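Notes to accompany the following structure.
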Amino acid sequence: MRYWLMKAEPEELGIADLAALPSQTVGWYGVRNYQARNFMRDQMQIGDRVLFYHAGGKQPGVAGIVEVCSGAYPDPTQFDPSSPYYDPKSKPEAPRWQQVDVRFLKQTRYLSLNAMREAPELEGMLLLARGNRLSITPVEPSHWRAVMALLGETA
DNA sequence: GCCAACGTTGGC
DNA sequence: GCCAACGTTGGC
């Protein structure tokens, strides 16, 4: 099992929104970066644990834990002209973008990006690397355990 | 809203 | 295949 961090815009889909969905499951649509897509396509497996990260707000940070619950499959928004994620260059017979489904596990105490930067045990975490813009990053098991400790989670 | 850092595009 | 121009991300 691998560990990941996935960034979401809380105004579009926050952890509470995910928890409120009847299925508590959502397709992780909208990834338009090849490296992030390749992580989903080539490395993610059902059961992988994911830090759910709120990006773009006033106080970015980790807000919950979700799990991967499907393999990669074509992101439907790439074919929808009314979607902001529409990609006219992608054809249904050769889809360019993929998504996986993730399922809500829990909403955690909020762990701000600031607090993460100040935690020496998180040094080297990809999220914290200078200039990092990837919306999906792998998380080292040692960093995962350190984040769990900071969140007060025993898992 | 600014802008640093990074990714993508397309002309050559 | 290079690289300038442009676009995007996301913290601040």
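This is a predicted model, so every value here is computed, not measured. So that the names make sense, note that chain A is the first sequence line, chain B the second, and so on, each numbered from 1.
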Atom pairs and distances, side-chain donor-acceptor, residues 113-131 of chain A, under 3.5 Å, sequence neighbours left out:
{"from": "A:R117", "atom 1": "NH1", "to": "A:L128", "atom 2": "O", "distance (Å)": "3.3"}

Connected to A:M40, directly or through other members, by ILVMFWY side-chain contacts below 4.5 Å are A:W4, A:M6, A:L13, A:I15, A:L18, A:L21, A:V26, A:W28, A:V31, A:F39, A:M44, A:V50, A:F52, A:V66, A:V68, A:V100, A:V102, A:F104, A:L134, A:I136

Excluding A:Y110, membership of its hydrophobic cluster (Ile, Leu, Val, Met, Phe, Trp, Tyr; side-chain heavy atoms within less than 4.5 Å) reads none

The correct set of residues in residues 119-130 of chain A placing a heavy atom under 4.0 Å from DNA chain B is A:R130

- Message: Counting neighbours of CZ on A:R41 that are heavy atoms of other residues, nucleotides or ligands and sit closer than 6.0 Å, is the number greater than 12?
- Response: yes

task: Could you tell me whether A:R96 and A:D87 make a salt bridge, using a distance below 4.0 angstrom between a side-chain N and a carboxylate O?
output: yes

Strictly below 4.0 Å, N to O, side chains only: are A:R32 and A:D75 in salt-bridge contact? yes

task = Could you please spell out the steps behind the side chain to side chain contact (heavy atoms under 4.5 Å, CB included) verdict for A:D101 and A:Y73?
result = CA-CA 9 Å; A:D101 292 342; A:Y73 61 96; 2.4 Å; yes

Show the distances under 3.5 angstrom between N or O atoms of the protein and N or O atoms of nucleotides 10-12 of chain B.
none

Are A:W97 and A:Y34 close enough, and set up right, to give a side chain to side chain contact (heavy atoms under 4.5 Å, CB included), and what steps lead you there?
CA-CA 8 Å; A:W97 306 112; A:Y34 289 104; 3.7 Å; yes

Review point. Counting distance only, does the side-chain N/O of A:R109 pair as donor-acceptor with the main-chain N or O of A:G152 below 3.5 Å?
Key: no

Would the distance check show the side chain of A:E67 and the main-chain N or O of A:D48 forming a donor-acceptor pair, the cut-off being under 3.5 Å?
no

Distances for protein N/O vs nucleotides 5-9 of chain C N/O pairs under 3.5 angstrom?
{"from": "C:dT8", "atom 1": "O2", "to": "A:R133", "atom 2": "NH1", "distance (Å)": "2.3"}
{"from": "C:dT9", "atom 1": "O3'", "to": "A:R133", "atom 2": "O", "distance (Å)": "3.3"}

